[in-house]
Engineer: 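Okay, here's the structure, questions in a sec.
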Amino acid sequence: MPFLTLRSALAGLLSLGLALAVNAATVAAADNTFTLADGVAKLTVPEGWKATQPKSRIIEYEFEIAPVEGDSAAGRTTVMGAGGSIDDNINRWYGQFNQADGSSTKDKAKLDKRTVSGQEVVVVDVSGTYMDRPGPFAPGPAIERPNYRMLAAIISLKKDGKPAGNYFIKFYGPQATVAKHEAAFLKMIDSLQVN
């Protein structure tokens, strides 16, 4: 590879890394909020949730939630904008969980539709064995994580009556850790403000 091409590639990677670091740093603002859709809306991060470097380029924000005593893994929250219908995405989330008795995850999941600051929000609550993959559509075998739970919200943002995009906020981890932080997650969703 010619030197200039290699140098350009390295510069591109460095700028991407800086952009991701800046994105994570924006969460550490004085009011502990993060924005969606280029500032159309903002939410407040729960106390104690640590902003971390997103593990994937499609994730805008990522947080680590300390595990409760007895859980060996931390909770993880990801925030991203994405396409596809709300139902298709919810069904994909159901497909990420298996039930020990072979029953349908969809039949055991809970779905709550609400309006927050004039925006439609769907909250999904699903438990079981989580089939963990490095990315949303990553190939290869998944890591099975039994006794996991996921709380996820889809926010259908509108600005001045026009669609501003769907945003997906997923919080998952060991069931006890998620249970301890369930109220904080829902409070974060209910903190949604549209500018």
Engineer: Working to the nearest 0.5 angstrom, can you tell me the gap between N166 CG and L36 CG?
Structural biologist: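 Those atoms lie 11.0 Å apart.
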
Engineer: Decide yes or no for T44 and F34: does some side-chain heavy atom of the first lie under 4.5 Å from some side-chain heavy atom of the second?
Structural biologist: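 Of all side-chain heavy-atom pairs linking F34 with T44, none is under 4.5 Å.
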
Engineer: Under 6.0 Å between ring centres, would you say that holds for Y172 and Y130?
Structural biologist: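 Aromatic pair counts; centres sit under 6.0 Å.
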
Engineer: What's the verdict on side chain to side chain contact (heavy atoms under 4.5 Å, CB included) for F185 and W49, showing C-alpha distance, side-chain angles and the deciding distance?
Structural biologist: CA-CA 10 Å; F185 174 83; W49 287 27; 4.2 Å; yes

Engineer: Counting only N and O atoms by type, is there a donor-acceptor contact under 3.5 Å from the side chain of S104 to the main-chain atoms of K106?
Structural biologist: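 Confirmed, S104 side chain pairs with K106 backbone.
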
Engineer: Output all residues satisfying salt bridge (charged side-chain N to carboxylate O under 4.0 Å, His left out) with K50, sequence neighbours left out; order by chain, then residue number.
Structural biologist: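 Partners of K50 by the salt bridge (charged side-chain N to carboxylate O under 4.0 Å, His left out) criterion come out as none, since no residue qualifies.
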
Engineer: Which of these, R145, K55, R76, sits in a salt bridge (charged side-chain N to carboxylate O under 4.0 Å, His left out) with D132?
Structural biologist: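 Running salt bridge (charged side-chain N to carboxylate O under 4.0 Å, His left out) over R145, K55, R76 with D132 returns exactly one hit, R145.
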
Engineer: With side chain to side chain contact (heavy atoms under 4.5 Å, CB included) as the test, would you mind laying out the steps for L157 and Y167 before giving the verdict?
Structural biologist: CA-CA 7 Å; L157 277 181; Y167 280 81; 3.9 Å; yes

Engineer: Working note: V79 + F63, criterion side chain to side chain contact (heavy atoms under 4.5 Å, CB included); need CA distance, chi angles, decisive distance, verdict.
Structural biologist: CA-CA 9 Å; V79 180; F63 304 94; 4.3 Å; yes

Engineer: For the atom pair CG (L151) and OG1 (T77), what is the distance rounded to the nearest 0.5 Å?
Structural biologist: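 Rounded to the nearest 0.5 Å, the CG-OG1 separation comes to 9.0 Å.
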
Engineer: Go through the structure and list residues passing salt bridge (charged side-chain N to carboxylate O under 4.0 Å, His left out) with D88, not counting sequence neighbours.
Structural biologist: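 Salt bridge (charged side-chain N to carboxylate O under 4.0 Å, His left out) list for D88, sorted by chain: empty.
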
Engineer: Determine whether M188 and D190 make a side-chain contact, defined as any pair of heavy atoms from C-beta on separated by less than 4.5 Å.
Structural biologist: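 Side-chain contact under 4.5 Å: no.
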
Engineer: What distance do K42 atom NZ and T33 atom OG1 have between them, rounded to the nearest 0.5 Å?
Structural biologist: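 Rounded to the nearest 0.5 Å, the NZ-OG1 separation comes out at 5.0 Å.
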
Engineer: Would you say that more than 12 heavy atoms from the other residues, nucleotides or ligands in this model lie under 6.0 Å from the NZ of K180, or not?
Structural biologist: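 No, because the 6.0 Å sphere around NZ of K180 holds 12 heavy atoms or fewer from other groups.
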
Engineer: Inspect the contact between K110 and D112 and indicate whether a charged nitrogen and a carboxylate oxygen are less than 4.0 angstrom apart.
Structural biologist: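 Result for this pair is no, no salt bridge flagged.
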
Engineer: Quick one: closest heavy-atom pair of S127 and Q175, and the distance?
Structural biologist: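 Smallest interatomic distance, heavy atoms only, reads CB-NE2, 3.7 Å.
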
Engineer: Can you get from Y148 to I90 by hopping between Ile, Leu, Val, Met, Phe, Trp and Tyr side chains that sit under 4.5 Å apart?
Structural biologist: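 Same hydrophobic cluster.
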
Engineer: So which heavy atom on A164 is nearest to which on V40, and how close?
Structural biologist: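 Looking at all heavy atoms of both residues, the closest pair is CB-CG1, 4.4 Å.
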
Engineer: Do you know the tightest heavy-atom contact between A73 and P67?
Structural biologist: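 Nearest pair, atom of A73 first, then P67: O-CB, 3.1 Å.
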
Engineer: I'd like to check the side-chain hydrogen bond (donor to acceptor under 3.5 Å, both in side chains) partners of E182; sequence neighbours left out, ordered by chain and number.
Structural biologist: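 E182: side-chain hydrogen bond (donor to acceptor under 3.5 Å, both in side chains) contacts with R149.
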
Engineer: Would you say K170 and Q96 make side-chain contact, with heavy atoms under 4.5 Å?
Structural biologist: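 Touching, per the 4.5 Å side-chain cut-off.
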
Engineer: Which value, rounded to the nearest 0.5 Å, describes the distance between L186 atom CG and H181 atom NE2?
Structural biologist: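 Here the rounded value is 13.0 Å.
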
Engineer: What do you reckon, is CG of D38 surrounded by more than 12 foreign heavy atoms closer than 6.0 Å?
Structural biologist: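 For D38, atom CG is not crowded (no more than 12 foreign heavy atoms under 6.0 Å).
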
Engineer: Minimum heavy-atom separation for L43 and I189, please, with both atom names.
Structural biologist: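 Of all heavy-atom pairs spanning L43 and I189, the closest is CD2-CA, 4.0 Å.
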
Engineer: Write down the atom of G83, the atom of N89, and the distance for their closest heavy-atom approach.
Structural biologist: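 G83 and N89 have their closest heavy atoms at O-ND2, 3.2 Å.
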
Engineer: Is there a side-chain contact between M131 and N98 (heavy atoms, below 4.5 Å)?
Structural biologist: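 Yes. Closest side-chain heavy atoms under 4.5 Å.
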
Engineer: Assess, by modelled atom type and distance only, whether the side chains of T105 and Q99 contain a donor and an acceptor separated by less than 3.5 Å.
Structural biologist: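 There is such a pair between these side chains.
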
Engineer: To the nearest 0.5 Å, how far apart are CD in E62 and CD in E60?
Structural biologist: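 Spacing of CD (E62) from CD (E60) equals 12.5 Å.
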
Engineer: Take N147 and T129, measure what side chain to side chain contact (heavy atoms under 4.5 Å, CB included) needs, and give me the verdict at the end.
Structural biologist: CA-CA 6 Å; N147 301 313; T129 298; over 6 Å; no

Engineer: Taking atom types as modelled, find out whether D71 and T177 have a side-chain donor-acceptor pair closer than 3.5 angstrom.
Structural biologist: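 Yes, because at least one side-chain N or O of D71 sits under 3.5 Å from a partner of the opposite role on T177.
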
Engineer: With rounding to the nearest 0.5 Å, note down the distance linking CD1 in I155 to CD1 in I86.
Structural biologist: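 It comes to 10.5 Å.
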
Engineer: In terms of side-chain geometry, is the basic nitrogen of E120 or K113 positioned less than 4.0 Å from the acidic oxygen of its partner?
Structural biologist: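 No, E120 and K113 are not salt-bridged.
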
Engineer: State plainly whether the residues K108 and D101 are in salt-bridge range, i.e. N to O under 4.0 Å.
Structural biologist: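 D101 and K108: salt-bridged.
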
Engineer: Shortest non-hydrogen contact from K158 to V194?
Structural biologist: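 Reported closest heavy-atom pair: O-CG1, 4.1 Å.
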
